[in-house]
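Notes to accompany the following structure.
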Amino acid sequence: MAERYNAKDSEPHWQAVWAERDIYRTRNDDPRPKYYVLEMFPYPSGRIHMGHVRNYAMGDVVARYKRARGFNVLHPMGWDAFGLPAENAAMQNKVNPREWTYANIATMRAQLQSMGLSLDWSREIATCDPAYYKHQQRMFLDFLKAGLVARRTAKVNWDPVDHTVLANEQVIDGRGWRSGALVEQRELTQWFLKITDFAQDLTDRLDTLDRWPEKVRLMQKNWIGRSEGLEVRFALESAPTGAASEVKVYTTRPDTLFGAKFLAISIDHPLAKVLAGDEAASGLRAFIEECRRIGTAQEAIDTADKLGFDTGLRVRHPLDPSWTLPVYVANFVLMEYGTGAVFGCPAHDQRDLDFANKYGLGNTPVVCPPDQDPASFVVTDTAYDGDGRMIHSRFLDGMTTDAAFAAVADRLEAETLDGTAVAQRKVQFRLRDWGISRQRYWGCPIPVIHCDACGVVPVPVADLPVTLPEEVSFDVPGNPLERDAAWRTISCPTCGAAARRETDTMDTFVDSSWYYARFTAPWLDDAPTDPKTADHWLAVDQYIGGIEHAILHLLYSRFFMRAMRETGWAGIDEPFAGLFTQGMVVHETYKDASGAWVQPAEIRLASEDGTRKAFHVKTGAALSIGPIEKMSKSKKNVVDPDDIIASYGADTARWFMLSDSPPERDVIWTEEGVQGASRFVQRVWRLANEAAEHQGSDGPTDLGVRKAAHKALSAVGEDIERLRFNRCVAHAYELANAIQEALNATTKPGRPALLEATGILVQIIAPMMPHLAEACWAVLGRDGLVAEAAWPAVEAGLLVEDSVTLPVQVNGRKRADVTVPTDADAAMVEAAVLSLDAVQRALDGKAPRKVIVIPRRIVNVVA
RNA sequence: GCCCGCAUGGCGGAACUGGUAGACGCGGACGACUCAAAAUCGUCAGCCGCAAGGCGUGGGGGUUCGAUUCCCUCUGCGGGCACCA
């Protein structure tokens, strides 16, 4: 009798063997076809959590499987190591952010290594390492030279808790993505990466990313927000001094131009500023102030009423100069989108209708819905924004909305005002440039110098990296770099005069926008990448991570790859060919009688009267079982991977993470489920030992167990390719059941057949439970390591049966089964079916009208 | 408000491009082994019904010889965007 499998001894042993033989090191000059599998690298927060275990277990299955399939697999790991938590820790615990970060990295690296992941640790990178970020600074300078960087004053999102600026993508529901603080709008001079230069390409190429989840592509598409419209010039009847003589308006609905009732401009529109500058315009100034007061907090915008201020100015209608419209300054018009001015067509835009109704501007419907009578169609409280036929629109009457769009665009593009076209077709995007300035210490310094004489001067490449000062204090809020006079002060590289360093650091999303490219040659000292090597490995064949990066990291990386191509650091533009977004790890919550959360480690579960009950381990007190939620410290429903690995082993944790739910869905962590996984570990170990000891020549059950093995092998291969790990697990269980059954049978299979089947079982589970597989492989007497073994070939002949049992339906209702040769033709099957008693009984004397035979599936007799 | 997605036993889920719904696991019941327990092995189990049989994939309708799968509609849940002109 074999002893119980002891993961605690076995796992470190095999990890040492792998490390000693260095089998996961990847060579760039390996001639085999490449496969790059990557999981989103972690932020070194302190300890890994179950989400990491799930993510990295999935990636490891793919890496190990592809290796067995003969690919040269790149599977690296690193650390997204800059960021605010290090500064917060510094403030709270008086530790240096660098020391804090590197200590966390050491802890987490050991944790990941205890999982037995097949990672090439020789390529490990940390983004806070000057050896990494100096290349990032180099690329920033290249981008600057290539015109992909802008410095400008803009309204930005200010997080008052973290004391820093946030990009639009980092504001969730009006709050900072990290601090949760209500974001304010501030006008600041900032560095921007010009992601909008690629807006069209970023949206177009989404269609080619056929191995991305549809959901993510759609989210990015909506975020980029491409729209086609017309930019129309409205001439002012009389322009105030100092202002332009016209107002430009961007519209996606030029077809509704005859329904226009007013023009509205943003409070930040140049015309509004000119008007507000007038001595007498105190009313307008007060209005703008009022809007600003309401407008700073995002939350207020959601509930704010439409407010307008009549300027008294009028503009000429572009299609009829004798027709004039009033010009309002309105709080709902955004300066950042389009031209900062809109024309209001109340009948066909709800927002315009609300505004018009409030200020008594009326409405004229110009699009008649298909189911309405043009003579009687009116709009009162609900705008109609659908398609239809044009009415009350002069030369457009009777046209479809699409035709009217084209007709208006054609006419206004042909007409001129002061010598140039009245309008032109334009494409607009919702996407804004990526503001990367952060007023924080623990980030990559932006490598520029501010000189009073020369302006903004790039740091010479030879002077890179611009490193962070070692000694920092966080006694006062704000950016320590700004207070560090010694660090800040520098002479101008151009004129030599006293100058100062840029004290903003880069958004940490910059760090993670190119790490996948750095992994291809992380040892390079004089360049971010070797472009040939980068192009060899990229795109990443399979990228795996959380859905929360659907826009942020994944969009930034797509931009960065393009910027790297423009500056010669790579030749491709899409970094991730295959993307998979995994679900979260969730867990039940528990509360004691006082309503305090209790963590799972302190829980004992029991079944009483058929219902699950929870008790406190120490006090024995009954606890209430609450809803299943994402693991979080606040709800205390967290399970520590270290605890699980210590008590069950890494293989059990990995197996359970892959087993219960489809990988894209949330998985519920349960104690029972882990125990089930643990039982299976022991079961495989027992089967391997029994098989190794099993004697006997060929037996009658040989074919059965071999068929089961090859069927499972074939299915698992297919399912790993499609990342359906839960099905792989099910197939492994089925094969184990079949082997068990063969061993229990009175006439047992022969030794060779049993060893073959068990060997296949071991290889099937190897990508998921590599330590156990290695131990079983040795027990079975196989050569070398299963981690280096080739994936076994499926014997196709074993997948087909000689005969099949088909269900027989009569009028769609199952009445019998029929067993026929697999290659039987329809006529033979039909004859066999009609001779069945059950079928004749069901037909009840009626003649069959039709017999439908779906080969190897089903037979349906229609009477 | 707009745009997506999802809904299957007590639970997690499976079902290839329309072809036996409920694989596999968890939980459950029973049996074997044991002085006993654990572990292990085996048997059973969608629901109603003694049975024959009937009903069953959120509700209603449709297409089809046949629908968890396709179409329409309603309900519920989840996600994304949200003054974007």
Side-chain angles (χ1 to χ4, degrees), chain A residues 1 4 172-174 213-216 218-223 225-227 229 249-253 256 264 295 298 301-306 330-334 336-345 348-352 354-355 385 428-432 547 550-551 605 607 610-612 628 655-656 659-662 665-668 670-677 679-680 682-683 686 715 718 724 726-734 736-737 740-741 743-744 805-814 816-817 848-863:
Chain A
M1 224 0 224
R4 280 178 65 79
I172 316 287
D173 292 335
E214 184 59 41
K215 183 190 167 96
V216 174
L218 191 69
M219 280 167 72
Q220 289 213 357
K221 192 176 175 178
N222 290 340
W223 185 264
R226 183 182 189 279
S227 73
V249 161
Y250 174 74
T251 176
T252 56
R253 294 295 303 273
T256 65
Q298 278 283 336
I301 291 174
D302 300 344
T303 49
D305 256 352
K306 310 267 171 288
N331 65 341
F332 65 88
V333 183
L334 305 173
E336 294 80 22
Y337 186 80
T339 59
V342 299
F343 87 83
C345 176
H348 303 290
D349 182 296
Q350 191 58 46
R351 196 189 35 201
D352 295 346
D354 293 345
F355 189 83
D385 61 5
Q428 276 285 336
F429 296 93
R430 209 192 77 107
L431 183 71
R432 310 285 159 74
I547 186 79
I551 293 170
L605 287 171
S607 175
T611 52
R612 291 174 73 248
I628 294 164
W655 185 255
F656 178 58
S659 67
D660 248 29
S661 295
R665 255 188 253 181
D666 291 351
V667 64
I668 307 168
T670 62
E671 190 60 25
E672 295 92 336
V674 183
Q675 282 166 8
R679 270 199 296 276
F680 186 65
Q682 295 301 336
R683 191 156 176 234
R686 256 193 329 271
E718 230 172 84
R724 299 195 293 199
N726 56 322
R727 291 173 29 130
C728 297
V729 166
H731 294 306
Y733 276 115
E734 274 172 322
N737 289 345
Q740 179 78 59
E741 201 179 321
L743 284 168
N744 290 341
T805 300
L806 304 178
V808 178
Q809 298 180 335
V810 176
N811 292 328
R813 217 164 253 289
K814 192 191 165 191
D817 286 307
R849 266 198 300 137
K850 198 155 108 184
V851 179
I852 293 153
V853 178
I854 309 295
R856 296 158 68 180
R857 285 271 175 224
I858 200 168
V859 181
N860 193 5
V861 180
V862 186

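So you know, we letter chains A, B, ... as the sequences are listed, proteins then strands, and number each from 1.
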>> Whether the A:D354 and A:Q350 side chains hold a donor-acceptor pair (N or O, under 3.5 Å, no angle test) is what I'd like checked.
In response: yes
>> Using the side-chain heavy atoms of A:E672, tell me which of these nucleotides is nearest: B:C26, B:C3, B:C24.
In response: B:C26
> Among the nucleotides B:C65, B:C26, B:G79, which one has an atom lying closest to any side-chain atom of A:K215?
Replying inline: B:G79
> Whole Å only: how far is the NE2 atom of A:H348 from the P atom of B:A85?
Replying inline: 17 Å
> Nearest to the side chain of A:R679 - B:A85, B:C26, B:G12?
Replying inline: B:C26
>> Using heavy-atom distances to pick each residue's nearest nucleotide on RNA chain B, tell me which of A:N744 and A:D817 is more 5'.
In response: A:D817
> Checking all strands, does A:T805 fall into the base, sugar-phosphate, or nothing category for heavy-atom contacts under 4.0 angstrom?
Replying inline: base
> Under 4.0 angstrom, heavy atoms only, what part of the nucleic acid is A:G676 near: base, sugar-phosphate, or nothing?
Replying inline: sugar-phosphate
>> How many whole angstroms separate atom CD of A:Q809 from atom C1' of B:G19?
In response: 7 Å
>> Taking the P atom in each of B:G53 and B:G18, what is the distance between them to the nearest angstrom?
In response: 32 Å
> salt bridge (Lys or Arg N to Asp or Glu O under 4.0 Å) with A:D352: which residues, sequence neighbours excluded?
Replying inline: none
>> Judged by each residue's nearest nucleotide on RNA chain B, which is more toward the 5′ side, A:F429 or A:T670?
In response: A:T670
>> Taking B:C24 as the reference, what is the distance to B:G1 when you measure between their C1' atoms (whole Å, please)?
In response: 44 Å
> Contact class for A:Q740 (heavy atom, under 4.0 Å): base, sugar-phosphate, or nothing?
Replying inline: sugar-phosphate
> Going by a 90° cut-off around 0, is B:G59 syn or anti?
Replying inline: anti
>> Counting only side-chain heavy atoms from C-beta out, which of B:U20, B:C24, B:C81 sits nearest to A:P807?
In response: B:U20
> With a 4.0 Å cut-off on heavy atoms, is A:D349 in touch with a base, just the backbone sugar-phosphate, or nothing at all?
Replying inline: nothing
> Any idea which of B:A85, B:G13, B:C65 is nearest the A:V342 side chain?
Replying inline: B:A85
>> Please report the distance separating the C1' of B:A21 from the corresponding atom of B:G66, rounded so that it comes out in whole Å.
In response: 14 Å
>> Test your reading of the model: is there a side-chain donor-acceptor pair from A:R856 to the backbone of A:I854, 3.5 Å cut-off?
In response: no
> Roughly how far apart, to the nearest Å, are B:G59 and B:A7 at atom P?
Replying inline: 13 Å
> What is the nucleic acid contact for A:T252, judged by heavy atoms within less than 4.0 Å: base, sugar-phosphate only, or nothing?
Replying inline: sugar-phosphate
> Using atom P of each nucleotide, how far apart are B:A82 and B:C77 to the nearest Å?
Replying inline: 23 Å
> Taking atom types as modelled, is there a side-chain donor on A:S659 or A:Y733 under 3.5 Å from an acceptor on the other?
Replying inline: no
>> Work out how far the P atom of B:G46 is from that of B:G25, and round it to whole angstrom.
In response: 15 Å
> Using atom P of each nucleotide, how far apart are B:C2 and B:U73 to the nearest Å?
Replying inline: 14 Å
> How far apart are the closest heavy atoms of A:A550 and A:Q220, and which atoms are they?
Replying inline: O-NE2, 2.9 Å
>> Can you measure A:I547 atom CD1 to B:C6 atom C1' for me and round it to whole angstrom units?
In response: 14 Å
> Which value, rounded to the nearest 0.5 Å, describes the distance between A:Y337 atom OH and A:F429 atom CZ?
Replying inline: 9.5 Å
> Over how many whole Å does the gap from A:I551 atom CD1 to B:C3 atom C1' extend?
Replying inline: 12 Å
>> Within the 4.0 Å heavy-atom criterion, would you say A:V859 contacts the bases, only the backbone, or no part of the nucleic acid?
In response: nothing
> With sugar-phosphate meaning primed atoms plus P, OP1 and OP2, does A:Y733 contact a base, only sugar-phosphate, or nothing at under 4.0 Å between heavy atoms?
Replying inline: sugar-phosphate
> A:D666 has an atom CG; how far is it from atom C1' of B:G13, in whole Å?
Replying inline: 14 Å
> Of the nucleotides B:C4, B:A14, B:G12, which one has an atom closest to the side chain of A:P662?
Replying inline: B:A14
> Once you round it to whole Å, what is the distance between C1' of B:A23 and NE2 of A:H731?
Replying inline: 9 Å
> Which value, rounded to the nearest 0.5 Å, describes the distance between A:R679 atom CZ and A:Q682 atom CD?
Replying inline: 11.0 Å
>> Students often get this wrong, so: under 4.0 angstrom with heavy atoms, is A:V862 touching a base, only sugar-phosphate, or nothing?
In response: sugar-phosphate
> Under 4.0 Å between a side-chain N/O of A:R351 and OP1 or OP2 of B:C84, yes or no?
Replying inline: yes
>> Please check if the number of heavy atoms outside A:E336 that lie under 6.0 Å from its CD is greater than 12.
In response: yes
> OP1 or OP2 of B:A14 less than 4.0 angstrom from a side-chain nitrogen or oxygen of A:R724, does that happen here?
Replying inline: no
> Is there side-chain contact between A:N737 and A:R683, with at least one heavy-atom pair below 4.5 Å?
Replying inline: yes
> Out of B:G25, B:A39, B:C83, which nucleotide sits closest to the side chain of A:R4?
Replying inline: B:A39
>> Regarding A:L218, tell me which of base, sugar-phosphate or nothing describes its non-hydrogen contacts under 4.0 Å with the strands shown.
In response: sugar-phosphate
>> Given the structure, check if the side chain of A:R432 and the base of B:C84 hold any donor-acceptor pair shorter than 3.5 Å.
In response: yes
> For the side chain of A:N737, counting heavy atoms from C-beta on, which of B:C3, B:C24, B:A85 is nearest?
Replying inline: B:C24
>> Which nucleotide, if any, forms a Watson-Crick or G-U wobble pair with B:G1, using both distances under 3.5 Å?
In response: B:C81
>> It should be established whether A:R430 places a side-chain nitrogen or oxygen under 4.0 Å from OP1 or OP2 of nucleotide B:A82.
In response: yes
> What is the pairing partner of B:C26, taking Watson-Crick or G-U wobble pairs with both distances under 3.5 Å in any strand?
Replying inline: B:G10
> Which value, in whole Å, describes the distance between the P atoms of nucleotides B:C47 and B:A23?
Replying inline: 13 Å
> Can you tell me how far P of B:C2 sits from CE of A:M219, to the nearest Å?
Replying inline: 20 Å
> If you check the A:N726 side chain, which of B:G13, B:A85, B:C41 turns out closest?
Replying inline: B:G13
> How is A:R683 classified with respect to the nucleic acid when contacts are heavy atoms under 4.0 Å: base, sugar-phosphate, or nothing?
Replying inline: sugar-phosphate
>> Nearest to the A:I852 side chain among B:A85, B:C41, B:G19, which nucleotide is it?
In response: B:G19
> Tell me: CG of A:D354 to C1' of B:A85, nearest whole Å?
Replying inline: 14 Å
